[in-house]
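Heavy atoms only: backbone and side chains are in, while hydrogens, waters and symmetry mates are out.
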Amino acid sequence: MKRKNTEPYVRLTRPLVRDSGELRPASWEEALERAAAGFRRTLDTKGPEAFGMFSCARATNEMNYVAQKFTRAVIGTNNVDSCNRTCHAPSVAGLARVFDSGGGTSSYQEIEDADVIVVWGGNPREAHPIFFQHVLKAVHRGAKLFVIDPRRTSTASWAHRRLQLYVGTDIPLAHAIAREIIHSGLANTAFIERATEGFAEFAASVEPWTLEAAEETTGVPAELIRELAHTYARADRGQLSWTLGITEHHNGTDNVLSLINLALLAGHVGRYGAGLNPLRGQNNVQGGGDMGAIPDRMPGFQNILDADVRAKFDAAWGSNIPPHKGLNLTQMLDAMERGDLTCVYIIGENPVQSEADCEHTIKRLSNVEHLVVQDIFLTKTAQLADVVLPASAAWCESDGTFTNSERRVQRVRKALEPPEGARDDIQLLCELARRLGHDWNYQGGEDVWNELRTLSPMHAGMSYARLEELGGIQWPCYREDELEPTFLHGRLWEEDPAKRGRPAPFTVIAHSPPVDLLTEDFPIRLTTGRRLDSYNTGVQSGGFPSPLRRGETLDLCPADAVRLGVVEDEVVRISSRRGEIEAPVRIDEGLRPGLAFMTFHFPDEIDVNVITIEATCPVAGTAEYKAAAIRVEKLPVTV
C-alpha cells in the first residue's frame with residue numbers, strides 16, 4: 001500500500017503574525033509586542049480568568065516552572081495545564097486521592113527485583129521501551145509477567161499469562177481479582193487493619209463479581225483471573241503498572257482507583273519492590289505536573305487551596321495567586337466554546353490533532369480572540385494562531401532537567417544552538433513577562449532550578465552538581481546530604497500511628513461501560529494506541545524515515561476481514577457518530593472479532609481523532625480515546 005504523500009514540517013525560524021486573516025513573517029519586536037498587547041488587552045477588558053496556558057510535557061522542568069509562574073504571577077490565573085490531561089491525569093487524581101501524591105511509587109530497579117509484574121492496559125514494549133527493558137530483566141530472572149489488554153500485543157508475547165479483556169471492563173476484572181483474594185484468605189489483613197480504611201464497604205461492593213460473572217462480562221477465562229489473583233496476592237514483591245488503556249476512558253480515575261484497591265488488598269505498596277506505577281508516555285509528563293503546570297497544584301505538588309502554600313509563593317514572586325483551582329485543559333476548551341476564555345498561549349502542544357473529536361477542538365480554538373503559539377514547527381494548531389513564536393527544541397537545544405516515570409530528575413544539556421531566528425522558550429516567556437511589567441532575570445536553567453528548590457521541599461536537595469554527580473535523583477529529596485528511599489509511602493508500614501499518618505482509603509467503584517454504545521449501525525469497537533517507531537501526532541517523528549513505518553492502518557482480525565469482505569491493504573471507509581475517514585486494512589491476529597485498532601501518528605494523512613469520542617472522565621477530564629464505536633465499509637470500485 002503506497003502512503004499518501006504529505007509535506008514534511010520545516011523548522012520555524014521567523015515569527016509570524018496574522019493580518020487580514022493570513023499569517024505573514026514579522027520581526028521579533030513586532031511579534032512579541034503583538035503577543036503582549038493581546039494579553040494586556042484581555043486583562044484590561046475581561047480579566048485574568050479569560051486567559052489559558054497550555055504548557056509542554058516535552059519541555060524541561062525549568063520551562064514548565066516559568067510557564068506556570070507566568071500564568072499565575074503575571075496573568076493572575078491558575079488556568080494552566082498540558083497534555084497530561086489527555087493521558088495520565090486520572091493516574092495523578094487516583095494516586096493523590098489515596099496517597100496524597102500523584103507519582104508512581106517505585107524505582108525501575110525495583111521492577112527488576114519484583115516477583116510478579118502486572119502490566120494492565122499498556123504495550124510498553126512499543127510505547128515505553130526503556131521501562132520494558134527493566135521488565136525483561138525481571139522476566140529473565142524468573143519473575144512472572146501478567147499482561148492485561150484487549151489486544152494480544154508484542155508485550156504479551158513475553159508474558160507468563162495474558163488476559164485479553166473486552167474494552168472498558170477493567171473494573172469488573174479488578175473487582176473479581178479482589179473478591180478472589182478476599183475469599184481465598186489471601187488479603188493482607190495486618191496491612192489492611194493498620195494502614196487502610198473502608199475495607200468492609202469495599203469487600204461488600206466486589207461481592208457480586210464472582211469469577212464466573214467476571215468471565216461473562218470481561219471475556220477473560222475464570223481460571224486466568226483466579227491464577228492472577230493468587231499469584232499477585234502471594235508474591236513478596238508485586239508490581240502493578242498501567243498506561244493509557246486504563247486512563248483514557250470516561251471513568252479513567254475509577255479505573256486507576258480499582259487497581260489501587262488491589263495493591264492495598266495485597267499490601268503491595270510502601271515497600272521495596274512492591275508498587276503502583278503509571279508509565280508516562282512523553283519525556284516530561286511527570287515533571288510538568290511536578291513543576292505546577294496543572295490547575296490545582298503549585299510546584300512540588302503543593303495544594304493550591306492551602307493558604308500557607310500560596311503565601312509562600314506570593315512572597316517569593318510578588319504575586320497574588322487566586323485562592324481556587326484553575327481550569328484544566330478540557331475545561332478550558334469548554335470555556336472557549338462558551339466564549340468565557342478568549343486568550344490562549346500554547347507552548348509546544350498540538351491540540352488540534354491530539355484531542356479527541358478534533359473537529360470540535362478546531363471550532364473551539366477558532367473561537368479564541370487572541371491565540372499565541374510557541375513551537376518549533378508550524379503545526380496545525382500554530383496555523384490557527386494570531387502570533388507564532390519560533391522556539392528551541394527542549395531535548396537538544398536547552399539546558400535543564402526532565403523527570404521520568406520513576407520520579408528521577410535528570411540533567412539535559414544543550415547539544416546544539418537553536419537555528420538562527422529561533423529563541424529559547426524561557427527567554428521568550430521572560431521577554432513577554434517584562435513587557436507586562438515583571439522583570440525576571442534568569443541567566444539560565446540553573447537559576448530557574450535554584451529558585452524552584454527554595455519553594456519546593458521535595459526538590460530542595462537536588463542541586464545541578466548533585467544531579468550530575470549521582471546521574472539523577474528521585475524525588476522526594478529534602479536535603480543535600482541525604483537520599484530518601486526509592487519507593488514512596490513507607491509510612492504506611494510504621495508501627496507508630498503518628499508516623500503512619502492518614503490511612504489509605506479503599507474506594508467503592510461501580511462498573512460503567514463505554515459511552516459510545518455498539519449498535520447495528522456501529523458494531524465494531526475501535527481502540528487506539530501507539531507504535532514503536534512513531535510518536536504521538538507525528539509532528540517530530542514523521543520527518544524521519546523508519547523501516548518499520550507503513551503509515552496509518554485499520555487493524556482487523558482475520559475473521560472480521562473475511563466477514564467484511566476486505567483484504568490486506570484495501571482502503572475502507574471508517575465511520576463513527578462524529579465523522580468518517582478512510583484507511584487501508586492491516587490484518588492483525590492479535591485482535592479478537594469485533595475489535596479494531598488505530599494510532600494517532602499520521603493525522604496529516606489519516607486523522608483518526610475525527611472519529612474518536614470526547615466523553616471525558618469527570619474527575620480528571622481525560623477523554624475516552626480507547627473506546628469508539630465504528631462501522632467499516634468497503635469502498636465502491638472505481639473504473
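Between the side chain of D533 and the backbone N or O of R549, at least one donor-acceptor pair lies under 3.5 Å. Looking at W475, its side chain never comes within 3.5 Å of a backbone N or O of M462 through a donor-acceptor pair. A donor-acceptor pair is defined here as one N or O able to donate and one able to accept, closer than 3.5 Å; such a pair exists between the side chain of N284 and the backbone of A59. The closest donor-acceptor contact from the side chain of N123 to the backbone of T155 lies under 3.5 Å. Of the possible donor and acceptor atoms, none in the side chain of E406 sits under 3.5 Å from a partner among the backbone N and O of G104. Formation of a donor-acceptor pair under 3.5 Å by the Q474 side chain with backbone atoms of T486 is found in this model. A distance-only check finds no donor-acceptor pair linking the side chain of T169 to the backbone of L165 [under 3.5 Å]. Remark: the backbone N or O of I509 is not paired with any side-chain donor or acceptor of D254 at under 3.5 angstrom. Between the T403 side chain and the V409 main chain, no donor and acceptor come within less than 3.5 Å of each other. One N or O on the side chain of N188 and one on the backbone of F191 form a donor-acceptor pair closer than 3.5 Å.
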Applying salt bridge (charged side-chain N to carboxylate O under 4.0 Å, His left out), run through D236 and R271 and close with a yes or a no.
CA-CA 10 Å; D236 179 37; R271 294 185 291 111; 3.8 Å; yes
Derivation and outcome, side-chain hydrogen bond (donor to acceptor under 3.5 Å, both in side chains), residues N64 and S55
CA-CA 6 Å; N64 278 281; S55 193; 2.6 Å; yes
Walk me through it: do I473 and L467 pass the test side chain to side chain contact (heavy atoms under 4.5 Å, CB included)?
CA-CA 6 Å; I473 300 172; L467 291 172; 3.9 Å; yes
Decide yes or no on salt bridge (charged side-chain N to carboxylate O under 4.0 Å, His left out) for R550 and E568, but give the supporting numbers first.
CA-CA 13 Å; R550 56 180 292 183; E568 179 104 357; 3.4 Å; yes
I would like to know whether S258 and N255 meet side-chain hydrogen bond (donor to acceptor under 3.5 Å, both in side chains); could you show each step before the answer?
CA-CA 5 Å; S258 74; N255 280 347; 5.0 Å; no
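Residues satisfying the side-chain contact (heavy atoms from CB on, under 4.5 Å) test with P476, not counting sequence neighbours, are R407, M458, Y478, E484, L488. For the salt bridge (charged side-chain N to carboxylate O under 4.0 Å, His left out) test, residues two or more places apart in sequence or in another chain that qualify with D516 are R577, R578. Take F377 and apply the ring pair (Phe, Tyr, Trp, His ring centres under 6.0 Å) test, not counting sequence neighbours, and it matches Y9. Listed by chain and number, the residues in a ring pair (Phe, Tyr, Trp, His ring centres under 6.0 Å) with H511 amount to none (sequence neighbours excluded). By the side-chain contact (heavy atoms from CB on, under 4.5 Å) test, T243 pairs with H128, L279, sequence neighbours left out. Remark: E112 pairs with K137 by the salt bridge (charged side-chain N to carboxylate O under 4.0 Å, His left out) rule, at least two apart or across chains. Evaluation of the ring pair (Phe, Tyr, Trp, His ring centres under 6.0 Å) rule for H268 yields Y232 as partners, not counting sequence neighbours. Annotation: side-chain contact (heavy atoms from CB on, under 4.5 Å) contacts of T247 (sequence neighbours excluded): H88, P90, S91, W242, L244, V256. Take R194 and apply the salt bridge (charged side-chain N to carboxylate O under 4.0 Å, His left out) test, not counting sequence neighbours, and it matches E495. With sequence neighbours excluded, the residues forming a side-chain contact (heavy atoms from CB on, under 4.5 Å) with R226 are E180, L211, H230, listed by chain and number.
Across all non-hydrogen atoms, the minimal contact from L595 to P150 is CD2-O, 3.6 Å. When all heavy atoms of A57 and N283 are compared, the pair lying nearest together is O-OD1, 3.3 Å. Taking both residues in full, the closest heavy atoms of P514 and V167 are given as CG-O, 3.9 Å, listed atom of the first, atom of the second, then distance. In terms of heavy-atom proximity, E349 sits nearest to S82 at OE1-C, 3.9 Å. Nearest heavy-atom pair, Y625 versus S354, reported as atom, atom and distance to 0.1 Å: OH-O, 2.9 Å. Residues A178 and F202 approach most closely at CB-CZ, 3.7 Å, considering heavy atoms.
Summarising the local packing, CH2 of W395 is surrounded by 12 or fewer heavy atoms from other residues, nucleotides or ligands at distances under 6.0 Å. The number of heavy-atom neighbours closer than 6.0 Å to CG of L532, taken from other residues, nucleotides and ligands shown, is above 12. By the neighbour-count criterion of 12 heavy atoms within 6.0 Å, atom CD of Q133 is densely surrounded, having more than that number from other residues, nucleotides or ligands.
For the pair R525 and Y166, the cation-pi criterion (under 6.0 Å, within 45° of the ring axis) is not fulfilled. Judged by the 6.0 Å distance and 45° axis criteria, R237 is not positioned over the aromatic ring of Y272.
Each of D290, L452, T60 was checked for a side chain to side chain contact (heavy atoms under 4.5 Å, CB included) with Y65, and the lone residue meeting it is L452. Of the candidates R408, R411, M291, R411 is the only one forming a side chain to side chain contact (heavy atoms under 4.5 Å, CB included) with T401.
Between D555 and R151 there is no salt bridge, since no side-chain nitrogen of the basic residue lies less than 4.0 Å from a carboxylate oxygen of the acidic one.
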Could you go through residues 92-103 and list every donor-acceptor pair under 3.5 Å that involves a side-chain atom there, pairing it with any protein atom two or more places apart or in another chain?
from	atom 1	to	atom 2	distance (Å)
D100	OD1	R502	NH2	2.9
D100	OD2	R502	NE	3.3

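Contacts classified as salt bridge (charged side-chain N to carboxylate O under 4.0 Å, His left out) and involving residues 458-482 (residues at least two apart or in different chains) are given here: R413-E468, R453-E480, R479-D481, R479-E482.
Donor-acceptor pairing under 3.5 Å is lacking for the side chains of T153 and E126.
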